[in-house]
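Report on the following structure.
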Amino acid sequence: MSVEHSGGCVCGAIRFLANDEPLRVTICHCKWCQRRTGTAFGTEVVYKSEQVAFFGETTSQYRHVSDESGRWLDIEFCGRCGSNLGFTLEAAPGIRTLPAGSFDDPDWIQAERYAFLHVYVRSRRDWSDLSSNVEIYERHFRA
Ligand SMILES: [Zn+2]
Ligand SMILES: [Zn+2]
């Protein structure tokens, strides 16, 4: 029996279903993720694109080109309430992220069950603590 996790934006206009297990959970401390989320880091549950289906209104997109890599990242969000709905990126074709906080019941997202990778900790905020038993990278594990 395959698992399925649902979620969506705060206004309910956009819903999603994610099938089966995610590849990993990447917690990104880069300054771009701090800005786009408005907080200390982005907590991205990482899936293959075909595992995720959106329902309801179409997601809005904003394309950002990284000043470090020169490659694009397409941020997706609800055009009505502005909720963060993850992103796709040129550097990892076929991959999509969903923010951990956007799931209806995020209790299943646990460091004991999935690989939790903290990346770009070189720009981690002092007030953002790291839990134990996680992988930590100054930049990215792909870099
Ligand atoms: Zn919404
Ligand atoms: Zn980031």
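FYI, the numbering just counts along the sequence from 1.
Considering only heavy atoms from C-beta on, Phe77 stays 4.5 Å or farther from Asn84 through its side chain. In this structure, the side chains of Leu98 and Tyr47 come closer than 4.5 Å at one or more pairs of heavy atoms. The shortest side-chain heavy-atom distance between Ser102 and Ser83 does not fall under the 4.5 Å cut-off. Looking at heavy atoms from C-beta onward, Val45 lies out of side-chain contact with Thr97 at the 4.5 angstrom threshold. Contact of the Tyr137 side chain with the Thr26 side chain is not registered, since no non-hydrogen atoms from C-beta on lie closer than 4.5 Å. Side-chain contact check for Leu17 versus Phe55: some heavy-atom pair is nearer than 4.5 Å. Annotation: side chain of Val25 is not in contact with side chain of Glu44 (no heavy-atom distance under 4.5 Å). Looking at heavy atoms from C-beta onward, Arg124 lies out of side-chain contact with His118 at the 4.5 angstrom threshold.
Note that CZ of Arg24 and CD of Glu135 are 10.5 Å apart. Values are rounded to the nearest 0.5 Å.
Closest heavy-atom contact between Ser69 and Ser66: N-OG, 3.0 Å. Residues Cys11 and Arg80 come closest through the heavy atom pair SG-NE, 3.7 Å. Arg142 and Ala91 make their closest contact through NH2-CB, 4.1 Å (heavy atoms, listed as atom of the first residue, atom of the second, distance). The nearest pair of heavy atoms linking Phe103 to Phe16 is CE2-CE1, 3.5 Å. Nearest heavy-atom pair, Ala100 versus Pro106, reported as atom, atom and distance to 0.1 Å: O-CB, 3.6 Å.
Under a 3.5 Å cut-off, the side chain of Gln51 and the backbone N or O of Asn19 do form a donor-acceptor pair. Between the Thr37 side chain and the Thr39 main chain, a donor and an acceptor come within less than 3.5 Å of each other. Checking side-chain atoms of Arg15 against main-chain N and O of Gly7 turns up a donor-acceptor pair under 3.5 Å. A donor-acceptor pair under 3.5 Å links the side-chain atoms of Gln34 to the main chain of Ser123, judged by distance alone.
Salt-bridge annotation for Lys31 and Glu68: absent, with no side-chain N of the basic residue lying under 4.0 Å from a carboxylate O of the acidic one. A salt bridge is absent between Glu76 and Arg36: the closest approach of a Lys/Arg side-chain nitrogen to an acidic carboxylate oxygen does not fall below 4.0 angstrom. Looking at Arg96 and Asp74, no side-chain N of the basic residue comes within less than 4.0 Å of a carboxylate O on the acidic one, giving no salt bridge.
Note on Phe41 and Tyr114: same hydrophobic cluster, where clusters join Ile, Leu, Val, Met, Phe, Trp and Tyr whose side-chain heavy atoms are under 4.5 Å apart, directly or indirectly. Under a hydrophobic clustering in which Ile, Leu, Val, Met, Phe, Trp and Tyr are joined whenever their side-chain heavy atoms come within less than 4.5 Å, directly or via other members, Leu130 and Phe116 fall into the same cluster. Placement of Tyr62 and Leu73 within a single hydrophobic cluster is found when ILVMFWY residues are connected by side-chain heavy-atom separations under 4.5 Å, directly or transitively. Residues Leu85 and Ile109 share a hydrophobic cluster, clusters being chains of Ile/Leu/Val/Met/Phe/Trp/Tyr side chains in contact below 4.5 Å.
Ring-plane geometry between Trp108 and His5 is classed as parallel, the angle between the planes falling under 30 degrees on a 0 to 90 degree scale with a further cut at 60.
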Q.
Could you go through Trp32 and Ile75, starting from their C-alpha distance and side-chain angles, then the distance that decides it, and tell me whether this counts as side chain to side chain contact (heavy atoms under 4.5 Å, CB included)?
A. CA-CA 11 Å; Trp32 180 73; Ile75 299 175; 3.5 Å; yes
**Q.** side chain to side chain contact (heavy atoms under 4.5 Å, CB included) assessment of Asp20 paired with Glu4
**A.** CA-CA 6 Å; Asp20 295 329; Glu4 193 174 66; over 6 Å; no
Q: Give the C-alpha distance, both sets of side-chain angles, the deciding distance and a yes or no for side chain to side chain contact (heavy atoms under 4.5 Å, CB included) between Leu23 and Lys48.
A: CA-CA 8 Å; Leu23 303 171; Lys48 292 177 190 165; 4.2 Å; yes
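Checked against the 6.0 Å centroid threshold, Trp72 and Phe87 do not count as a close aromatic pair. You'll find the ring centres of His29 and Tyr120 outside the 6.0 Å limit.
Other residues, nucleotides and ligands contribute only 12 or fewer heavy atoms inside 6.0 Å of the CZ atom of Arg35.
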